[in-house]
There are 2 protein chains.
Amino acid sequence: MTVPTATPPTASARDRLIDTAIALFNRHGFHATGVDRIVAVAKVAKKTLYAHFPSKEDLILAALSRKRAAFADKFLPVVLAGSEDPRQRLLSLFELAKSWFADPDFYGCIFINAAVEYSEPAHPINACAREFKTLLRNFARDQAAAGGAADPDALADQIALLFEGATTVAQVSGRPDAATTAKDIAARLIDQAFRRQQTNGADTAILSSCE
Amino acid sequence: MTVPTATPPTASARDRLIDTAIALFNRHGFHATGVDRIVAVAKVAKKTLYAHFPSKEDLILAALSRKRAAFADKFLPVVLAGSEDPRQRLLSLFELAKSWFADPDFYGCIFINAAVEYSEPAHPINACAREFKTLLRNFARDQAAAGGAADPDALADQIALLFEGATTVAQVSGRPDAATTAKDIAARLIDQAFRRQQTNGADTAILSSCE
DNA sequence: TTGACCGGAAACCGATCGGTCTCCATTATT
DNA sequence: AATAATGGAGACCGATCGGTTTCCGGTCAA
């Protein structure tokens with residue numbers, strides 16, 4: 001007799017469902033994307049979808065969870081490996097955002113979009129989106145602290161606000177150059193926040209670090 | 001014989017429909033708000049709705065149009081009447097945003113939300129949202145020019161980005177204090193942009209104008 | 001070869017979607 | 001008092017929603 005597998009059927013169908021769902025949710029939104037369309041594009045039987053996910057809401061949460069994992073396990077490590085300098089690390093966020101916004105398949109941040117469509121704070125999807133935003137902010141705070149900012153939390157709030165602003169402007173107004181606008185502002189704020197800690201140091205470092 | 005009125009039936013039903021639609025769209029979103037719910041809350045017959053608006057999409061456009069009119073005809077004049085100083089006028093945007101975000105009925109900017117749910121640039125609703133965003137930016141540019149900024153367009157882009165960022169952070173992360181964060185950044189950027197034009201003037205003015 | 005099991009295709013469910021239509025009470029005009 | 005126009009309540013339409021179920025072909029072990 002076969003051992004009853006704890007994980008449902010095959011895993012590739014599940015992966016295909018999540019990937020398809022992410023793409024469709026990004027482009028058309030959550031309410032506007034029906035499960036019929038998802039299974040049709042993913043070439044998966046409806047029964048299989050409900051074998052993996054109890055409901056559409058669980059599929060949405062799984063899609064957001066995968067996006068969050070990709071951000072934490074792939075995106076942030078790349079940023080960390082790119083430079084040792086906290087200032088450069090923070091600025092590279094906006095540099096990467098520039099190419100993100102320019103992608104023809106850019107339809108905004110899926111977490112912002114999720115929070116817009118599920119705006120009740122108590123809703124699991126809204127909570128998931130809100131929780132994700134703390135990831136970026138915590139990263140900014142860590143880098144701000146590493147750079148010696150007097151108030152790392154304040155700088156993190158500023159960086160996060162600039163990032164959200166750039167994303168929203170790029171999406172709503174169709175202006176990918178918002179990434180550059182935000183980066184310029186961020187550079188000034190970082191310099192001001194870091195300068196205070198190194199008043200004894202050379203001011204030339206601030207100029208030379210401008211790319 | 002009665003004169004055939006150019007405007008359909010009574011106007012109060014139309015007003016109630018638009019006001020109800022704005023409230024429901026703001027709280028629950030566009031796709032999630034059905035016309036049945038709108039007519040039920042507005043206490044209007046479905047037939048009356050379709051006597052005033054050819055389709056739900058037209059009702060959405062009418063709602064957005066009313067919001068835009070309120071912004072241009074009520075909100076901006078108040079800002080203009082509040083002060084003669086371009087700097088204060090720009091900062092008052094964020095001051096007003098603070099109380100906006102603190103409103104328990106705050107569910108984000110309805111134009112951002114509309115652009116999120118109707119993300120195709122060619123869609124009339126998306127175009128309407130995108131067009132609105134130029135109103136705020138043009139206002140900022142006019143004030144930047146009046147204040148003597150070297151590059152009014154650049155400052156306007158910065159102000160607009162900060163405003164969008166504050167709105168998004170307040171909505172997604174539930175942090176009304178984002179208005180203050182954005183205002184502080186805006187104050188610095190305005191000071192820097194305006195200072196260049198008055199290098200011969202007293203630097204004390206920069207300090208004294210900080211509130 | 002047989003039989004248990006799996007997943008895909010698709011019918012099916014009640015509910016709701018946007019939109020149309022019928023009926024009737026109210027109202028204003030003649 | 002009779003008539004015509006209005007707007008409200010709500011039935012009704014086909015389509016689609018999220019979700020369940022049936023059926024059937026293929027796959028694997030016994």
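Worth saying up front: this structure is predicted, and the values here are computed from it rather than measured. A note on names: the letters A, B, ... follow the listed sequences, proteins ahead of strands, and every chain is numbered from 1.
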Atom-to-atom span, CZ of B:F53 to P of C:dG19 - whole angstrom:
13 Å

Which label fits B:F101 and B:F106: parallel for a plane angle under 30°, tilted from 30 to 60°, or perpendicular past 60°?
tilted

Expressed as a whole number of angstroms, how long is the span from A:L17:CG to D:dG19:P?
14 Å

Interatomic distance, A:D58 CG vs D:dG19 C1' [rounded to whole Å]
13 Å

Between NE2 of B:H52 and C1' of D:dG7 the distance, given in whole Å, is 9 Å

Is it the case that the side chain of B:T20 and the backbone of B:R16 share a donor-acceptor pair, with hydrogens and angles ignored and the cut-off at 3.5 Å?
yes

B:L59 CG to C:dG18 P, straight-line distance once rounded to whole Å:
10 Å

Has B:T48 got a side-chain N or O lying under 4.0 Å from the OP1 or OP2 atom of D:dG7?
no

Listing, residues 107-120 of chain A side-chain donor-acceptor contacts under 3.5 Å, not counting sequence neighbours, or none:
{"residue": "A:Y107", "atom": "OH", "partner": "A:R27", "partner atom": "NH1", "Å": "3.3"}
{"residue": "A:N113", "atom": "OD1", "partner": "A:Q171", "partner atom": "NE2", "Å": "3.3"}
{"residue": "A:N113", "atom": "ND2", "partner": "A:Y107", "partner atom": "O", "Å": "3.0"}
{"residue": "A:E117", "atom": "OE1", "partner": "A:H31", "partner atom": "N", "Å": "3.1"}
{"residue": "A:E117", "atom": "OE1", "partner": "A:H31", "partner atom": "ND1", "Å": "2.6"}
{"residue": "A:E117", "atom": "OE2", "partner": "A:F30", "partner atom": "N", "Å": "2.8"}
{"residue": "A:S119", "atom": "OG", "partner": "B:R27", "partner atom": "O", "Å": "2.7"}

Rounding to a whole Å, what distance do you find between B:Y50:OH and D:dT6:C1'?
20 Å

Closest contact, heavy atoms only, A:G29 versus A:T33
O-OG1, 2.6 Å

For nucleotides 9-16 of chain D, just jot down a letter per nucleotide in 5' to 3' order: B, S or -, based on protein non-hydrogen atoms under 4.0 Å.
B-------

Nearest whole Å is fine: how far is D:dT20 C1' from A:L49 CG?
13 Å

N/O donor-acceptor pairs under 3.5 Å from side chains in residues 64-78 of chain B, not counting sequence neighbours:
{"residue": "B:R66", "atom": "NH1", "partner": "B:D19", "partner atom": "OD1", "Å": "3.0"}
{"residue": "B:R66", "atom": "NH2", "partner": "B:D15", "partner atom": "OD1", "Å": "2.6"}
{"residue": "B:R68", "atom": "NH1", "partner": "B:E131", "partner atom": "OE2", "Å": "3.2"}

Please confirm whether the backbone N or O of A:S83 pairs with a side-chain atom of A:R89, one donor and one acceptor, at under 3.5 Å?
yes

Of A:R37 and A:P54, the one whose nearest nucleotide on DNA chain D sits closer to the 5' end is A:R37

